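The block underneath contains the structure these notes are about, expressed in structure tokens.
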Amino acid sequence: MPASPATFTFLGPEGTFTEAALMQVPGAAAATRIPASNVNAALDMVRDGSVDAAMVPIENSVEGGVTATLDAIASGPELRIIREVLVPISFVLVARPGVALTGIRRISTHGHAWAQCRLWVDANIPGAEYVPGSSTAAAAMGLLQEDAHYEAAICAPIVAQEQPGLAVLAENIGDNPGAVTRFILVGRPGALPERTGADKTTVVVPLPEDRPGALMEILDQFATRGVNLSRIESRPTGQYLGHYFFSIDADGHVQDARMADALAGLHRISPATRFLGSYGRADTQSIHVAPHTSDEAFRAAHEWVGGILHGVPLVQETASEASPTA
Ligand SMILES: O=C(O)C(=O)C[C@]1(C(=O)O)C=C[C@@H](O)C=C1
């Protein structure tokens, strides 16, 4: 079991959904928490040892993968995902007190938040212009600056509750009331979180080039070992047009024989495959394992092959084979 992180960073400032995710981590409320201005800065603080772990968003149920995170953990010095956290998302529209909906022309927020409120904005503030923000809370706090160049921000309800200089103009403005964002706690490589039976493994697999069926071969490594995938996304490596890697979440822990075998297969196909971690699923849902892909089935199969290699007779002769005349 890895030692519990003592110092954390997160996509800040205070009041982001990412901070809400971090507060779900046991011990985080009493620990040192340093806000970072973007995902890369947060991960760099882990890499250079300034903090033990970083909480960053990775996937939203409406908008999909957080590409800044997918890309940042796929290259550079290796990192490990040690936990995942789910946060239900609900947005409010805030402005300086006295500002009405009719007085809003520009709205700032995080890109993922904007994408989740687009229909509401179109219906209620038609023609409003989007001003990109580094996070929802940063956009809201920006309204308090003298030189704010937008009139409203979309953020979590907690920001307005704790900031008297901001008034809530509308609540629950997300287009999808069931929206959920998944966050990951990222540390440096070390001891793996213990296997729980409800685990997830994340890998980054560069697609081998000029090889017909390479993606199928990658997927086959999981399929033939009974490993279910819960997320697969392709991302450009940035090196040149058409060069991609796959970011994959698979059900199970690397201590499961079927997962270890699948990862070994991936390494054969794509030697630059990067292991990003095995960690407990936030929903704690146990994984169904077919009997022929259980640890016991793998152990028996390896023992059988070992016996062949060592010349040990492993199959009992039947009576008729032992004495053909009988
Ligand atoms: O800006 C924030 O508050 C964040 O924590 C980032 C983020 C994201 O990256 O998706 C998190 C949850 C919401 O989906 C909107 C924004």
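We count ligands from 1, going down the list as the structure has it; atoms in each ligand are counted the same way. As the structure is a prediction and not an experimental result, all values here were calculated from the model.
- Residues I73 and V46 share a single hydrophobic cluster, defined by chaining ILVMFWY side chains whose heavy atoms lie under 4.5 Å apart.
- Closest protein heavy atom to atom 16 (C) of ligand 1: H110 ND1, 3.7 Å.
- Heavy-atom separations between E63 and ligand 1 are all 4.0 Å or longer.
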Original post:
Can E78 and R80 be said to form a salt bridge (Lys or Arg N to Asp or Glu O under 4.0 Å), step by step?
Top reply: CA-CA 7 Å; E78 279 202 33; R80 289 283 185 275; 2.9 Å; yes
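- In terms of polar-atom proximity, defined here as any N/O pair under 3.5 Å, F183 makes no such contact with ligand 1.
- Of all protein heavy atoms, the one closest to atom 6 (C) of ligand 1 is L11 CD2, 3.7 Å.
- Both the backbone and the side chain of T18 come within 4.0 Å of ligand 1, judged by heavy-atom distances.
- The shortest N or O to N or O distance between S135 and ligand 1 is not below 3.5 Å.
- Of all heavy-atom pairs spanning A262 and Q221, the tightest one is CB-O, 3.5 Å.
- The aromatic rings of F91 and F17 stand perpendicular to each other, their planes meeting at an angle above 60°, with 30° marking the opposite boundary.
- Residue V87 does not touch ligand 1, judged by heavy-atom distances below 4.0 Å.
- Closest to atom 1 (O) of ligand 1, if we only count protein heavy atoms, is T136 N, 2.7 Å.
- Every atom of ligand 1 is numbered from 1 in the order shown, and the set under 4.0 Å from a heavy atom of T16 is 2 (C), 3 (O), 5 (O).
- In this model, no donor atom of one side chain and acceptor atom of the other lie less than 3.5 Å apart for H110 and T136.
- When only interatomic distances are considered, the shortest N/O to N/O separation between H112 and ligand 1 does not fall below 3.5 Å.
- Following chains of ILVMFWY side-chain contacts shorter than 4.5 Å, one can reach L43 starting from V51, so the two form part of one hydrophobic cluster.
- Residue D261 forms a salt bridge (Lys or Arg N to Asp or Glu O under 4.0 Å) with just one option from R268, R299, R225, and that option is R225.
- No hydrogens or angles considered: nothing links the side chains of N38 and S134 as a donor-acceptor pair under 3.5 Å.
- Within ligand 1, counting atoms from 1 as listed, the ones closer than 4.0 Å to a heavy atom of N60 are 14 (O).
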